[in-house]
Each structure stands twice: as C-alpha cells, then as structure tokens.
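I have placed the structure first, in the form of structure tokens, so that the comments after it can refer back to it.
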Amino acid sequence: MYFNEETVIFYNGKFIKAEDAKENPYGQSLHYGNGVFEGIRAYNTVNGAKIFKPYEHYKRLKYGAEVMNIPFNYSEEELTKISYELLERNGLKDAYIRPLITTGVDMSLKTSSQSNLLIQCWEWGKYMGDKLLRVKTSKFQRPNPNSCFVEAKVTGHYVNSVLSTNEAKNAGYDEALLLDMNGNVAECSGANIFMQKDGKLQTPPKGHIMAGITRATIIDLCREVGISVEEKHFTLDELKDADACFFTGTAAEVVGLASLDDYKFPMNWKDTHGYRLMNLYKEEVLGLRLKEKTA
Ligand code: PMP
C-alpha cells in the first residue's frame with residue numbers, strides 16, 4: 001500500500017528506491033523514539049501538484065529537531081523543493097508526504113550527533129474516512145507539557161496516540177478523544193477538535209495540544225467567512241452538551257463526529273459550521289479560493 005518496487009524515497013541527500021533504504025538497527029530512533037516527523041499533503045490542483053503549506057510543516061519539523069537537539073541543516077525551501085521532486089519521481093499529484101528525521105547509532109540517552117533524513121510519499125485517502133465518526137473518550141491523557149515538547153512531532157510521543165487509538169478501536173469505536181492532565185478536552189489521537197454550541201465554535205487553546213496547521217487554517221477560514229471561533233478550554237461535560245463537533249488534521253482533513261461515548265451530537269451535520277468548513281477547506285487546499293479571491 002505504501003510502496004512497491006518502483007517507489008522512490010529521498011534518503012540522506014539522494015533519491016533511492018524505497019527497497020534499498022537501510023536504517024541502522026542500532027539507531028536511537030528505533031530504540032528510544034528519538035526522531036521527528038511530519039505529515040503533509042499535496043493536492044492535484046488545476047495548476048498541477050500543489051503541496052499545502054509546506055513552509056509551515058517544515059518549520060515545525062525543524063522546531064522538533066531543534067528541541068530534541070537533533071542535528072539538521074536543511075532549510076524549509078530546500079525541503080519543499082525536494083518534496084516536489086519526490087512527487088514527480090513517483091508520478092504522484094494527490095499524495096501524503098512523510099518526512100522523518102531519525103537519529104544515529106548511539107545507545108546513550110543523549111541525542112546522537114548524527115541524523116538521517118527520509119522523505120516518503122504515497123497515495124492516501126482521507127485518514128479517518130468520510131463517514132461521521134463514533135468517538136470514545138480515552139482513559140489515556142495527552143502528555144503533560146512539562147514532560148515533553150507537545151508541539152513537536154516527536155516519534156516517541158505517538159505511543160500515546162497508539163494506545164488511545166487501540167483502546168477506542170478495540171471497543172468498537174472509530175477514534176479516541178483525549179483529555180489533558182487538567183481534565184479539559186485536548187484533542188484526538190492525530191487531529192484537533194472543534195465544537196459548535198449556539199452557533200459559535202470553540203477549540204482548545206495551545207499548551208496541551210499539537211498546534212495543528214489545519215486547525216490554524218480553519219481558524220483563518222472562520223475569520224474570513226464570519227464564523228465566530230474562540231480558543232478556549234472546555235470540559236467533557238460541556239462537549240457532551242454541544243450541538244456538533246469535528247476533527248481537523250492534515251491526514252484527516254475535516255471530519256464530523258456522530259457521537260462521543262453515549263452522546264449523539266444533535267445537529268444535522270450538513271447544517272453545521274463543520275460541514276461548511278470541510279468544503280471551504282477542500283477549496284482552499286485545491287487553490288480554488290485563491291482563484292475566487294483574485295478573480
Ligand atoms: N494533533 C495531533 C496529536 C496530531 O498528530 C496531528 C497531526 N499532525 C494534529 C493534531 C493535526 O495537526 P496538523 O493539522 O498540523 O496535521
């Protein structure tokens with residue numbers, strides 16, 4: 001699904017066949033989860049393949065490398081250029097792009113002085129599908145921001161996402177909702193959350209969540225089209241009194257929720273701000289809104 005014998009990846013300065021990539025079994029990423037990654041999408045637009053917000057994604061990748069003390073010298077511009085070339089070499093226009101920085105051979109707990117850059121891409125439909133989601137509140141919390149850099153996409157942090165997703169799926173749900181250490185609603189295992197109440201949207205502020213690039217895009221779209229949106233903490237009880245709810249993320253894009261535990265969101269999805277924003281987001285990533293604005 002992700003690759004075949006033709007697939008090309010970028011690995012430490014070269015474009016090579018995915019099958020020829022060799023990561024060292026003594027590397028720190030494998031043993032301790034000390035690596036940083038990104039999730040980016042390219043869309044097949046009327047002007048050809050267009051990567052959505054590559055600068056923002058690569059800036060977050062570089063921030064992650066910096067806080068983890070991982071040596072990494074590529075610029076956002078270089079990484080974007082490589083990504084476009086990678087899409088072309090793989091004949092892809094609509095694709096998910098996965099950059100990953102791994103750390104070198106070192107069994108100590110100090111970051112290795114060597115690192116590797118891999119960039120992969122593959123065709124990937126909407127990560128959580130198109131159907132409204134049935135979500136379960138997880139018993140796992142998002143990590144305490146004093147225990148790690150929550151806004152860095154560090155590979156090891158994703159064990160928390162795996163645990164909560166396994167828990168939800170094993171109980172017959174589609175996805176997990178995680179609270180923060182204070183009991184406020186935080187986010188989904190791999191996406192941010194917005195709730196609608198009395199015609200207004202609320203989303204948890206930064207601090208205990210991944211500062212999603214999709215989340216920021218949705219906030220901008222709300223401001224543009226006049227939907228009221230506030231970055232504000234809310235509790236599970238408040239969420240279970242909301243009219244509607246949706247998740248946002250690069251892989252998931254915008255996806256609505258049918259229910260949370262036993263609570264069914266009462267509004268018809270097509271009448272919600274989430275539905276409207278889902279369509280606006282699609283236009284935004286396809287470059288159609290830009291055309292509209294400049295036309
Ligand atoms: N929260 C978590 C935990 C995530 O892994 C992601 C995906 N990066 C998001 C939110 C959404 O972030 P973005 O919109 O930048 O993809």
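Both counts, for ligands and for their atoms, begin at 1 and track the order of listing.
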For the residue pair Phe246 and Tyr281, is the inter-centroid distance of their aromatic rings smaller than 6.0 Å? no
Ring centres under 6.0 Å, that's the criterion: do Tyr96 and Trp122 meet it? yes
OG on Ser138 to CG on Asn160, rounded to 0.5 Å: 7.5 Å
Under the side chain to side chain donor-acceptor pair (under 3.5 Å) criterion, do Thr235 and Glu238 qualify, and how do the steps go? CA-CA 5 Å; Thr235 63; Glu238 287 174 281; 3.2 Å; yes
Between Arg142 and Glu187, does the salt bridge (charged side-chain N to carboxylate O under 4.0 Å, His left out) criterion hold? Intermediate values first, please. CA-CA 8 Å; Arg142 289 301 289 165; Glu187 60 186 330; 2.8 Å; yes
Criterion side chain to side chain donor-acceptor pair (under 3.5 Å) on Tyr158 and Lys153, from CA distance to verdict: CA-CA 8 Å; Tyr158 278 78; Lys153 267 179 97 71; 3.0 Å; yes
List, pair by pair, the atoms of ligand 1 and of the protein that are both N or O and lie under 3.5 Å apart, giving the separation rounded to 0.1 Å.
{"residue": "ligand 1", "atom": "1 (N)", "partner": "Glu187", "partner atom": "OE1", "Å": "2.6"}
{"residue": "ligand 1", "atom": "5 (O)", "partner": "Lys153", "partner atom": "NZ", "Å": "3.4"}
{"residue": "ligand 1", "atom": "5 (O)", "partner": "Tyr158", "partner atom": "OH", "Å": "2.4"}
{"residue": "ligand 1", "atom": "8 (N)", "partner": "Lys153", "partner atom": "NZ", "Å": "2.5"}
{"residue": "ligand 1", "atom": "14 (O)", "partner": "Ile213", "partner atom": "N", "Å": "3.2"}
{"residue": "ligand 1", "atom": "14 (O)", "partner": "Thr214", "partner atom": "N", "Å": "2.9"}
{"residue": "ligand 1", "atom": "14 (O)", "partner": "Thr214", "partner atom": "OG1", "Å": "2.6"}
{"residue": "ligand 1", "atom": "15 (O)", "partner": "Arg60", "partner atom": "NH1", "Å": "2.9"}
{"residue": "ligand 1", "atom": "15 (O)", "partner": "Arg60", "partner atom": "NH2", "Å": "2.9"}
{"residue": "ligand 1", "atom": "15 (O)", "partner": "Ile213", "partner atom": "N", "Å": "2.7"}
{"residue": "ligand 1", "atom": "16 (O)", "partner": "Thr250", "partner atom": "N", "Å": "2.9"}
{"residue": "ligand 1", "atom": "16 (O)", "partner": "Thr250", "partner atom": "OG1", "Å": "2.6"}

